[in-house]
Amino acid sequence: MSSSTQLRVKELLREKGWTTKTLAEKTGMSESYLTHIKNGTRRWNEDSLKKLANAFEISPVDLFAQRKQRTDNIDSNVSMPEQADVKLKVQIVPVVGEVPANPSPYNNQLMQITSGHKDEFVPVLNTTDGSCFALSIDSNLMAPTFVKGDLLIISPEVWTRSGDIAAVEYGNDTQMRAIMQVTYTEDFIVLESVNHKSAPVALIRGKDHFRIIGRVIQRNQKLI
């Protein structure tokens, strides 16, 4: 099996503290088949991918190894800005339609494909974050702050402070990923919609699940 399609089952079992038997009980698949999947000696199919993702409570995309390099050639798919006298750091980042749970060059590429933005890239100034990505906004639910057609440049490496807008993951039973304004207090983490049209969500520090995926560092507006 190609290493690019091998799943992180062994790693996820270790993280969860599960045995293959436990995973078999949760997925309804046989231990023998799961052992092959775990060792990369047999190819998975779409149905098994969904069952594994449900069991581990992650996106199917996140089942793939996280630290792999992109398999395409970005440079051949994008036009760089014309050379200027002013020295600028320009990085090409992938466009995605959904927030990846664990951004990395490889995971971002997978999310590009699964969210319908294959081979779409944008140049971004003054960032060196290799896991940076551009989230395409496909509705006006966050208007007027962000509107359909905007690209939000999100950097996992940039620290998120109170009051910043970030891609976050939260929720204990069902985990959600969203673009929210984050406010830290002594006991709570408060998440607000960027246009303040929805009721804020208050999470208890150290109790409720919450993590920052990346901070929104730039908004690229669609030219009319």
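None of these values were measured; they are calculated from a predicted model.
With no hydrogens or angles considered, no side-chain donor-acceptor pair links D150 and N220 at under 3.5 Å. At a cut-off of 3.5 Å, with distance as the only test, no side-chain donor of S32 or T35 sits close to an acceptor on the other residue.
Sorted by first then second residue, the salt bridge (charged side-chain N to carboxylate O under 4.0 Å, His left out) pairs that include residues 154-166, not counting sequence neighbours, are D164-R215.
V147 is listed as a side-chain neighbour of R219, based on a closest heavy-atom distance under 4.5 Å. No side-chain heavy atom of Y170 sits less than 4.5 Å from a side-chain heavy atom of Q175. With contacts defined as side-chain heavy-atom distances shorter than 4.5 Å, the pair F133/M111 does not qualify. A 4.5 Å side-chain heavy-atom check between I153 and V122 finds at least one atom pair inside the cut-off. Between D129 and V158 there is no side-chain heavy-atom pair separated by less than 4.5 Å. Annotation: side chain of T19 is not in contact with side chain of L13 (no heavy-atom distance under 4.5 Å). For the pair L52 and I37, the minimum side-chain heavy-atom distance is below 4.5 Å.
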Would you list the atom pairs, donor with acceptor, under 3.5 Å between side chains in residues 24-31 and any protein atom, with sequence neighbours excluded?
{"unit_1": "T27", "atom_1": "OG1", "unit_2": "L23", "atom_2": "O", "d": "2.8"}
{"unit_1": "T27", "atom_1": "OG1", "unit_2": "M29", "atom_2": "N", "d": "3.2"}
{"unit_1": "S30", "atom_1": "OG", "unit_2": "Y33", "atom_2": "N", "d": "3.1"}

List, one per line, each side-chain donor-acceptor pair under 3.5 Å for residues 138-146, sequence neighbours excluded.
{"unit_1": "S139", "atom_1": "OG", "unit_2": "L141", "atom_2": "N", "d": "3.4"}
{"unit_1": "N140", "atom_1": "OD1", "unit_2": "K148", "atom_2": "N", "d": "2.9"}
{"unit_1": "T145", "atom_1": "OG1", "unit_2": "V194", "atom_2": "O", "d": "3.1"}

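By the rule that hydrophobic residues join a cluster once side-chain heavy atoms approach within less than 4.5 Å of another member, L203 and M176 end up as members of one cluster. A chain of hydrophobic side-chain contacts below 4.5 Å, direct or via other Ile, Leu, Val, Met, Phe, Trp or Tyr residues, connects L34 to W18. Side-chain heavy atoms closer than 4.5 Å link hydrophobic residues (I, L, V, M, F, W, Y) into clusters, and following such links, even through other members, never connects V190 to I179.
Nearest approach of S193 to S198, heavy atoms of both residues: OG-N, 3.2 Å. Nearest heavy-atom pair across Q181 and G163 is NE2-O, 3.0 Å. Listed here is the closest heavy atom pair of I213 and P100: CG2-O, 3.5 Å. Nearest heavy-atom pair across E186 and R205 is O-CD, 3.3 Å. Across all their heavy atoms, S131 and P103 have their closest contact at OG-O, 3.5 Å. The two residues C132 and P94 have their closest heavy-atom pair at O-CD, 3.5 Å.
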Side chain to side chain contact (heavy atoms under 4.5 Å, CB included) assessment of H117 paired with V96: CA-CA 6 Å; H117 292 274; V96 297; 5.7 Å; no
L191 vs V168, side chain to side chain contact (heavy atoms under 4.5 Å, CB included): CA-CA, chis, key distance, verdict: CA-CA 9 Å; L191 303 179; V168 302; 4.2 Å; yes
Stepwise side chain to side chain contact (heavy atoms under 4.5 Å, CB included) test for I217 and I154: CA-CA 6 Å; I217 59 172; I154 298 175; over 6 Å; no
May I have the step-by-step check of side chain to side chain contact (heavy atoms under 4.5 Å, CB included) for L152 and I137, ending in yes or no? CA-CA 8 Å; L152 304 185; I137 304 301; 3.8 Å; yes
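Going from atom CG of N107 over to atom CG of N102 covers 6.5 Å, rounded to the nearest 0.5 Å.
Checked against side chain to side chain contact (heavy atoms under 4.5 Å, CB included), D173 has no partners two or more places apart in sequence or in another chain. With sequence neighbours excluded, the residues forming a side-chain hydrogen bond (donor to acceptor under 3.5 Å, both in side chains) with R211 are E169, listed by chain and number. In this view, K10 and R14, K38, N39 satisfy the side chain to side chain contact (heavy atoms under 4.5 Å, CB included) rule, not counting sequence neighbours.
Considering I204, V182, V201 in turn, V182 is the only one that fulfils the side chain to side chain contact (heavy atoms under 4.5 Å, CB included) rule with F210.
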